[in-house]
Structure formats: structure tokens, C-alpha cells
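Data first, discussion second: the structure below is written as C-alpha cells.
The chain is numbered in sequence order, starting from 1. Below, all heavy atoms of this structure are taken into account, side chains as well, without hydrogens, waters or symmetry copies.
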Amino acid sequence: MAKQTGIIKLKGTIGGISFYKTGDGHLAREKGGVDKNRIQNDPAFQRTRENGSEFGRAGKGGKVLRNAIRVLLQNAKDKRVVSRLTKDLVAIVKTDTTNERGLRTIQDGDLSLLERFEFNLNGKLGATLFAVFTNAFDRVTGDATLNIAAFSPTLRIAAPAGTTHFKVVMGAAELDFANETSTFENDATAILPYTAADTAPIALTSTITANSTLPVVQILGIEFYQEVNGQMYALKNGAYNALSIVTIDTP
């Protein structure tokens with residue numbers, strides 16, 4: 001592919017050349033490829049069909065997860081989160097030792113590979129929160145819990161410039177990849193001052209379906225704010241908010 005330069009950027013196809021926009025800028029490439037009907041029916045493309053099927057399954061699984069945690073994800077994500085998540089889910093599909101190639105699934109793969117996934121590379125949780133926390137999920141009760149002992153925010157949180165306040169958020173999602181549905185509940189602290197004074201101990205709980213037979217993910221994040229004339233504003237529209245998967249629990 002080639003990069004478009006100049007003042008006028010093109011979109012569409014001209015003379016067999018496709019012009020399009022990506023996160024890397026305006027690009028151009030020659031139109032072409034194998035006939036769609038041949039890919040769908042030619043035995044020579046069996047591996048291609050299998051790969052495509054599993055890639056599609058990973059893409060749908062990523063959408064299930066993103067939709068489940070949307071209330072928190074909309075405040076903490078980077079431009080490449082969809083492709084990064086799909087890539088990791090493809091790797092998980094490939095760990096499925098139960099089903100045949102082309103029929104492998106996310107739920108039968110090693111979902112633990114998704115633990116510590118960062119939804120926003122501009123504000124990684126692992127490089128933002130340095131306070132010790134404990135988290136757990138009780139499958140019998142459906143309770144996901146998070147506990148953080150009292151800590152000094154300016155010492156234990158690496159906040160972006162301009163921060164005056166912050167909030168700790170936590171949630172749990174029950175994911176049905178086969179039926180493309182989910183259940184999600186979340187909890188959060190109040191908006192707290194970003195100062196040297198210790199916070200009170202933090203205890204958050206989210207409760208989903210008791211005795212669930214589905215995979216459950218627990219996520220933890222931090223949102224940053226700036227106070228202006230008594231009003232709280234998301235700092236730089238949440239560009240540096242952190243959100244990460246801290247627990248993967250499978251039945």
C-alpha cells in the first residue's frame with residue numbers, strides 16, 4: 001500500500017486504485033484479489049475458509065465483550081482497541097483443543113490469555129495505579145469484589161497533568177459468546193480529590209447471575225477529572241483513563 005500526500009485526500013476507487021482512510025492516515029492500494037465465489041467453494045481455499053470462520057467468531061466475541069462493558073469502555077479506549085482485542089481472541093480460539101479447525105470457539109479456548117488486557121494503551125492500568133488491591137469473583141453468589149486499603153492518591157496514582165480529581169471504577173461481565181449476549185453490573189467510588197491525603201479504604205461490589213455457567217470477566221479502571229468553577233470535566237475527554245481486565249473466571 002502507498003500513502004497519499006498532498007492537500008486533497010481521495011476516497012473510493014479510480015482506475016483500479018482504491019483510496020481509503022485508516023488510523024495510519026490516507027492510503028492507496030491496487031484493487032484486486034481472488035474471486036469471492038472461488039474462496040467460498042474451491043477446495044484449495046479450505047484453510048482460508050477455516051481461518052475466516054474463526055476470525056469472524058473472534059470478531060463477534062470482541063463485540064460481545066465491548067458491548068457488555070460499554071458504559072465504562074466509552075470513557076477509556078484507544079483507537080486500536082477493536083483490532084487488538086480481536087487479535088487476542090483469535091489467539092484464544094486457536095487454543096481450543098475440543099473442536100475441529102474452523103469450528104474452534106472462544107469459550108472452549110484458554111480465556112486466561114485475556115487477563116491484563118488493556119483497553120487504553122494511552123493510559124495503562126499497570127502504569128497508572130500503584131496502590132495494592134485485592135479482587136475476587138464468587139461464582140456461587142455472583143459477587144465480584146474489589147478492595148483497596150487507604151492510600152495517598154498523589155503517591156499511588158500516576159495521573160496526567162491537570163488532574164484535580166479521580167474515580168475508581170469496577171465491573172463484572174457474564175459473557176455468552178455462543179448466543180452473543182451478556183450481563184454486566186458495575187460499581188464506582190465517588191469522584192475523589194487527587195491530593196496527598198489518604199483516601200478512605202475502597203470496597204466495590206458488582207453482582208451478576210448466581211451460579212453462572214458462563215465465562216466472567218472483571219474489569220478495573222480509573223477515570224480522571226478536572227474541576228473548573230465547581231464543575232467536574234472528564235480530563236481531555238478521557239484520553240488517559242485506564243481500564244483493564246483483572247480477572248477471568250471460567251466454569
Side-chain angles (χ1 to χ4, degrees), residues 61-62 64-77 81 85 88 92 106-107 110-120 123-159 165-177 181-195 197-225 238 240-251:
V64 170
L65 174 55
R66 295 194 311 276
N67 285 347
I69 66 172
R70 186 177 184 278
V71 66
L72 298 182
L73 182 61
Q74 63 185 352
N75 298 324
K77 61 182 178 181
V81 66
L85 181 57
D88 283 5
I92 288 171
I106 296 171
Q107 59 268 27
D110 183 5
L111 276 164
S112 68
L113 296 178
L114 207 56
E115 193 165 320
R116 305 303 173 188
F117 180 85
E118 299 278 2
F119 291 95
N120 185 12
K124 296 181 181 179
L125 183 68
T128 301
L129 178 64
F130 298 96
V132 176
F133 65 86
T134 58
N135 63 285
F137 174 67
D138 187 328
R139 187 166 286 274
V140 175
T141 63
D143 290 339
T145 57
L146 172 82
N147 291 278
I148 309 177
F151 67 95
S152 167
T154 55
L155 290 178
R156 299 297 181 183
I157 296 178
H165 291 74
F166 71 98
K167 179 169 67 175
V168 178
V169 298
M170 187 271 289
E174 176 188 34
L175 305 172
D176 187 342
F177 293 111
T181 60
S182 62
T183 300
F184 178 72
E185 293 293 337
N186 65 289
D187 195 8
T189 64
I191 296 178
L192 305 172
Y194 183 66
T195 62
D198 281 359
T199 65
I202 293 173
L204 302 178
T205 301
S206 296
T207 302
I208 55 173
T209 308
N211 295 304
S212 173
T213 59
L214 297 169
V216 171
V217 301
Q218 183 181 8
I219 58 175
L220 171 62
I222 298 181
E223 298 179 0
F224 296 107
Y225 299 86
Y240 300 109
N241 290 346
L243 190 68
S244 178
I245 295 176
V246 293
T247 297
I248 302 282
D249 191 278
T250 54

Side chain to side chain contact (heavy atoms under 4.5 Å, CB included) for Leu146 and Val168? Distances and angles first, verdict last. CA-CA 10 Å; Leu146 172 82; Val168 178; 4.1 Å; yes

Nearest 0.5 Å, please: how far is [atom2] in [Y] from [atom1] in [X]?
| X | Y | atom1 | atom2 | answer |
| --- | --- | --- | --- | --- |
| Thr209 | Leu214 | OG1 | CG | 8.0 Å |
| His165 | Thr195 | NE2 | OG1 | 8.5 Å |
| Thr205 | Asp187 | OG1 | CG | 6.5 Å |
| Leu192 | Tyr225 | CG | OH | 10.5 Å |
| Phe130 | Leu125 | CZ | CG | 9.5 Å |

Please check if the side chain of [X] supplies one atom and the backbone of [Y] the other of a donor-acceptor pair under 3.5 Å.
| X | Y | result |
| --- | --- | --- |
| Asp88 | Leu114 | no |
| Asn186 | Ser206 | no |
| Asp138 | Asp143 | no |
| Tyr194 | Ile157 | yes |

[X] and [Y]: which non-hydrogen atoms are nearest, and at how many Å?
| X | Y | result |
| --- | --- | --- |
| Ser182 | Val64 | OG-O, 4.2 Å |
| Leu204 | Met170 | O-CE, 3.5 Å |
| Pro153 | Pro193 | CG-O, 3.9 Å |
| Val81 | Lys77 | CG1-CB, 4.2 Å |
| Ile69 | Ala173 | CG2-CB, 4.2 Å |

For Tyr240 and Thr128, run side chain to side chain contact (heavy atoms under 4.5 Å, CB included): C-alpha distance rounded to whole Å, both residues' side-chain angles, the deciding distance at 0.1 Å, then the answer. CA-CA 9 Å; Tyr240 300 109; Thr128 301; over 6 Å; no

Would you say CZ of Arg156 has more than 12 non-hydrogen atoms from neighbouring residues, nucleotides or ligands within 6.0 angstrom?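 Result for CZ/Arg156: open.
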
Name the atoms and distances for all side-chain donor-acceptor pairs under 3.5 Å in residues 243-251, with sequence neighbours left out.
unit_1	atom_1	unit_2	atom_2	d
Ser244	OG	Phe117	O	3.2
Thr247	OG1	Asn135	ND2	2.4
Thr247	OG1	Gln218	OE1	3.3
Asp249	OD1	Arg139	NE	2.8
Asp249	OD1	Arg139	NH2	2.7

Fit a plane to each ring of Phe151 and Phe166, take the angle between them on a 0 to 90° scale, and name the class: parallel (under 30°), tilted (30 to 60°) or perpendicular (over 60°).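 Rings of Phe151 and Phe166: tilted, as their planes differ by 30° to 60°.
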
For Leu113, all residues meeting side chain to side chain contact (heavy atoms under 4.5 Å, CB included), sequence neighbours excluded: Ile92, Thr95, Asp110

Contacts of Ala136 that satisfy side chain to side chain contact (heavy atoms under 4.5 Å, CB included) - sequence neighbours left out: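 Ala136 satisfies side chain to side chain contact (heavy atoms under 4.5 Å, CB included) with Thr145 once adjacent residues are dropped.
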
Quick one: does [X]'s side chain get under 4.5 Å of [Y]'s, heavy atoms only?
| X | Y | answer |
| --- | --- | --- |
| Asn241 | Val169 | no |
| Thr141 | Thr207 | no |
| Leu72 | Phe184 | yes |
| Leu175 | Val216 | no |

Evaluate the side chain to side chain contact (heavy atoms under 4.5 Å, CB included) criterion for residues Phe137 and Ile208: first the C-alpha distance (whole Å), next the side-chain angles of each, then the deciding distance (0.1 Å), finally the verdict. CA-CA 10 Å; Phe137 174 67; Ile208 55 173; 4.0 Å; yes

The test is side chain to side chain contact (heavy atoms under 4.5 Å, CB included); show your working for Thr199 and Ile148 and say whether it passes. CA-CA 10 Å; Thr199 65; Ile148 309 177; over 6 Å; no

